[in-house]
> 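I have a structure I would like to understand better, so I am pasting it below and will then ask my questions one at a time.
Note that ligands are numbered from 1 as they come in the structure, with each ligand's atoms numbered from 1 the same way.
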Amino acid sequence: MKTTSDLGDLRGKRVLVRSDLNVPLDGSTITDDGRIRASAPTIKGLADAGARVIVCAHLGRPKGAPEAKYSLAPVAKRLGEVLGSDVVFAEDTVGDDARAKAAALEDGQVLLLENLRFNAGETTKTDDERAEFAGELASLADVFVSDGFGVVHRKQASVYDVARLLPHATGDLVSTEVDVLRRLTRDPERPYAVVLGGAKVSDKLGVIGNLLGTADRLIVGGGMVFTFLAAQGHEVGKSLLEADQIDTVKGYLDRAEKEGVEIVLPVDVVAADAFSADAAHEVVAADAIPADRMGLDIGPASSALFAEKLADCRTVFWNGPMGAFEMEPYAAGTKALAQALVEITAQGALTVVGGGDSAAAVRQLGFADSDFGHISTGGGASLEYLEGKELPGLTVLEEGDA
Ligand code: 3PG
Ligand code: MG
């Protein structure tokens, strides 16, 4: 894959950069700017080289038409603050405003286009329609830099098709992310543990299946763990349960045993009588959840067990919170897990926090990015990589220029 330094002298050139600036918003307030900060160095590097930088990105999942609440305007402002220079914002993506502002750019200036997904051509499954929109994007620029790691698993116009129309290079963020994932998949230092959490086991079946062949330990928490507990024959009360996945999970438990992969499940949980911060809640044994209660976090004995299972690990990948951490009474498990990773990071282990949501969680709980080996900007993308899937946004870069 070519890097930006292979693009030659960029002074005066129009460079289209695909970044992943999909940040969580509360109204127009950005609650975690991690993806903006992670994207800034590539953009700044290009601007410093004298390029006229045209950044494109998505926010949320609008349905192919403008919707004010998904505007990238607040992101343009924050990006300018992070870069230390104003970012011009276009009110559309490939329309009159975008074309005029792209044409007026001076060397070293940065323009952010409005949300790519306000255009149906960005995400459509119809190749011709995607190619047509990609053509309009490509006409704004001379070269393309792919730096939106969080979207490389998406076959979308700004990720895949545009790279087939312009000379292109891989941005520094994508290169860094891929390097880390390679270290996890090619001969990781052992013991290698993977910690999975989050709500749905069905989102992670593929990756679990693949990890049974590479990881030494699989530690499970979060909402998805109740399907594991049910597969072991336990009552899970009103906890999240994907009943249709119980058999699949049983199959994984058997396979893990055969392949010598240790599966670590919670031994206690915080069980509440409603999904609410002020619900009555207590710690119960994981095999004795009362029928009228739901598990919303792992309990203290589980936190201690997980920490013990991580203590000797040399490589850890973590995706997904251990509980409903947004509510204070259910945040302790996620916090304890993060703390266990911080400690082994200090001892030289490679720890990778995978994903926008998990990354936002650790920052919200007061941890610093530098407490971990690597905080990935792409949850779905890193899981698909670990699953061994082909990522269209990377394949197209490997293909080379058209
Ligand atoms: C993410 O938030 O995971 C990435 O920005 C990709 O977004 P998407 O899942 O809506 O494609
Ligand atoms: Mg996501």
> For ligand 1, which atoms, with element, lie under 4.0 Å from some heavy atom of G150?
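Answer, ordered by atom number: 4 (C), 6 (C).
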> Applying side-chain contact (heavy atoms from CB on, under 4.5 Å), name anything that partners A272, two or more places apart in sequence or on another chain.
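A272 satisfies side-chain contact (heavy atoms from CB on, under 4.5 Å) with A279, H281, L296, Y330 only.
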> Compute the shortest N/O to N/O distance between D20 and ligand 1 and return yes if it is under 3.5 Å, no if not.
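Indeed, backbone or side chain, D20 has an N or O that close.
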> What residue pairs, at least two apart or across chains, pass salt bridge (Lys or Arg N to Asp or Glu O under 4.0 Å) with a residue in residues 364-373?
R37-D369, R363-D369
> Identify whether the distance between the nearest side-chain nitrogen and carboxylate oxygen of R18 and E122 falls below 4.0 Å.
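Between E122 and R18 there is a salt bridge, with a charged N closer than 4.0 Å to a carboxylate O.
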> Only heavy atoms of R61, strictly under 4.0 Å: list the atoms of ligand 1 that pass.
8 (P), 9 (O), 10 (O)
> Give a yes/no on ligand 1: does Q156 have at least one heavy atom closer than 4.0 angstrom to it?
no
> Please list, in number order, the atoms of ligand 1 under 4.0 Å from a heavy atom of R154.
8 (P), 9 (O), 11 (O)
> Using only heavy-atom distances, determine whether the side chains of T227 and Q245 contain a donor-acceptor pair under 3.5 Å.
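No, Q245 and T227 have no side-chain donor paired with an acceptor closer than 3.5 Å.
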> Check this for me, if you would: do R183 and D179 make a salt bridge, where the nitrogen-to-carboxylate-oxygen distance has to be below 4.0 angstrom?
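Here R183 does not pair with D179 in a salt bridge, since their nearest N and O are not under 4.0 Å apart.
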